[in-house]
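Step one of this worksheet: look at the structure below.
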Protein chains: 2
Amino acid sequence: MLSFLENVPLFKGLPADQLGRIAGIGVSRVYRRGETVFSDGEAADGFYVPMRGRIKIFKLSPEGKEQVLHIMGFQEPFGEAAVFSGGRFPAHAQALEESLLIFFPAPAFVDLTRHDPTLAMNMLALLSRRLKQFAGLVEQLSLKEVPGRLASYLIYVSDRAHGAALIELDISKTLLANVLGTIPETVSRVLGKMATEGIIEVEGRRIRLIERKKLEELSQGASFYDEGGGAR
Amino acid sequence: MLSFLENVPLFKGLPADQLGRIAGIGVSRVYRRGETVFSDGEAADGFYVPMRGRIKIFKLSPEGKEQVLHIMGFQEPFGEAAVFSGGRFPAHAQALEESLLIFFPAPAFVDLTRHDPTLAMNMLALLSRRLKQFAGLVEQLSLKEVPGRLASYLIYVSDRAHGAALIELDISKTLLANVLGTIPETVSRVLGKMATEGIIEVEGRRIRLIERKKLEELSQGASFYDEGGGAR
DNA sequence: CGGGTACTTGACAATGGTCAAGTGTGGTGG
DNA sequence: CCACCACACTTGACCATTGTCAAGTACCCG
């Protein structure tokens, strides 16, 4: 576990003995595909860092509609906010696939943080970045229509692959719909329309970006999971 | 300024000498109604704490549509996220009225935070609470229709006034529309409809909640600026 | 007193959600 | 190893919510 933890950005720059203490309070847990990690409103007793697998963080409406806030993977902590503001998880977390998570109990971790300025600053940086991502998400959901959000997402995936024109979605289109704040039918239709217009080519989860320019116009500059904003 | 700072929640629990240092790096600035405090994407050189007045934090679409993320008032810091994740403000900030802000330059404040665990923990708590609020905002915008959001807002204002049935909006309906992710026309119509149905009475900015039960049904439990969530 | 803004109301349009039906596919258990 | 089932995906018809455009009134500030 130590060799994993020392590469987690949240723990960057920490001396070996401190990493040891962190490893000392961490507990690994395995979750099956579809298994719930925690639920909205549940008392928060700690947070998690994935070693393997991916976790969907989402809100649920009473009617069962779901809005994905984040998909957390390798080395991406989640549930930390609940640890420092005392109390309850603000959303649901569910494993998208078999996942191995390291769980850190809140009281012990808060204690370590209080006595380690580097760890505290790392955590402040993490929460701050997350806050910016949320501002970007709100922007997407409130100020853009579905084609714009979809275009943003495609560009985001392409950029993650160093700007490749041929991309492969790593989530189902149903899940993508819940990320974009819409439903599978609408995703299907919008992808179809873009394909008809020659902007993209779709073959299952494989999508080729033909006219990146047009996508960038639709996305209006704001990208999905990074800060968004930028002088405009 | 000291007597103001010592009551700011962010600075609670700090010893007098530390408060003195914080006061030492703080600079007061006055903003006129409508004046810009900072802009989306601008390099962040510090953050602000209002002593007087209110500041609107918002995102802007290229077409000029605006989504309000927060309205910050007395003792509510804003712009802190940019300080700890380095870089740029993720949204616009504009004074709603004549405001007096204390500005804290990023480098000096980060330095104080690094050497003061209590301040660091307070800041972690603040960012965490903010994160939960964002999760609530996303929930509102993505999972609820306008009547639901409006009902949430009315209940929020009422609760802030200790559950009073007669409330007074402290923002214009146009601004309220931008908080709710809609437009003034729609706010007008929905208020009208609720009044017709006998759920509320509207007289300018004064609104009487007649059937709180109905509003709570519409709002589906989630309230606006607090964590939302809760076991359901 | 004048001008700009806030607010309201109406007619209309469009985005996108609902419901329904049908196809394909992967995983599991017999 | 195969059959079946659940689920992902697609497409069509329909409709609800809400945004756009336009016009008119009221009101606040200078």
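Lettering of chains follows the sequences in order, A, B, ..., and the numbering in each one begins at 1. Please read these numbers as outputs of a predicted model, since none were measured by experiment.
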Taking atom CG of A/L176 and atom CZ of A/R205, what is their separation to the nearest 0.5 Å?
->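 Reported value, rounded in 0.5 Å steps: 10.0 Å.
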
Nearest to side-chain heavy atoms of [X], which nucleotide of [options]:
{"X": "B/R189", "options": "C/dG16, D/dT10, D/dT20", "answer": "D/dT20"}
{"X": "A/E185", "options": "C/dT8, D/dT11, C/dG16", "answer": "D/dT11"}
{"X": "A/S172", "options": "D/dG19, D/dA8, D/dA13", "answer": "D/dA8"}
{"X": "A/I183", "options": "D/dT18, C/dG17, D/dG19", "answer": "C/dG17"}
{"X": "A/K173", "options": "D/dC9, C/dC7, C/dC19", "answer": "D/dC9"}
{"X": "B/R205", "options": "C/dG17, D/dG19, C/dC7", "answer": "C/dC7"}

For B/V187, report the nucleic acid contact type (base, sugar-phosphate, nothing); a contact means any heavy atom under 4.0 Å.
->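 The answer is nothing, as B/V187 stays clear of every strand by at least 4.0 Å.
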
Once you round it to whole Å, what is the distance between [atom2] of [N] and [atom1] of [X]?
{"X": "B/L143", "N": "D/dT17", "atom1": "CG", "atom2": "P", "value": "17 Å"}
{"X": "A/E63", "N": "D/dA16", "atom1": "CD", "atom2": "C1'", "value": "15 Å"}
{"X": "B/L191", "N": "D/dT18", "atom1": "CG", "atom2": "P", "value": "13 Å"}
{"X": "A/K193", "N": "D/dG12", "atom1": "NZ", "atom2": "C1'", "value": "17 Å"}
{"X": "B/R149", "N": "D/dG19", "atom1": "CZ", "atom2": "C1'", "value": "12 Å"}
{"X": "B/I171", "N": "C/dC7", "atom1": "CD1", "atom2": "C1'", "value": "15 Å"}
{"X": "A/L176", "N": "D/dT10", "atom1": "CG", "atom2": "P", "value": "11 Å"}
{"X": "A/L96", "N": "D/dA8", "atom1": "CG", "atom2": "C1'", "value": "15 Å"}

Under-4.0 Å side-chain N/O to phosphate OP1/OP2 contact, B/T186 with D/dT18 |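 No, B/T186 has no side-chain N/O under 4.0 Å of OP1/OP2 on D/dT18.
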
Phosphate contact (C/dC7 OP1 or OP2) by B/T174 side-chain N/O below 4.0 Å |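 Result: yes.
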
Side chain of [X], backbone of [Y]: donor and acceptor closer than 3.5 Å?
{"X": "A/R149", "Y": "A/L180", "answer": "yes"}
{"X": "B/Q67", "Y": "B/V179", "answer": "yes"}
{"X": "A/E35", "Y": "A/R32", "answer": "yes"}

Passing option when B/S61 is tested against B/K65, B/K59, B/E63 for side chain to side chain donor-acceptor pair (under 3.5 Å) =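 Of the listed options, the one satisfying the test is B/E63.
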
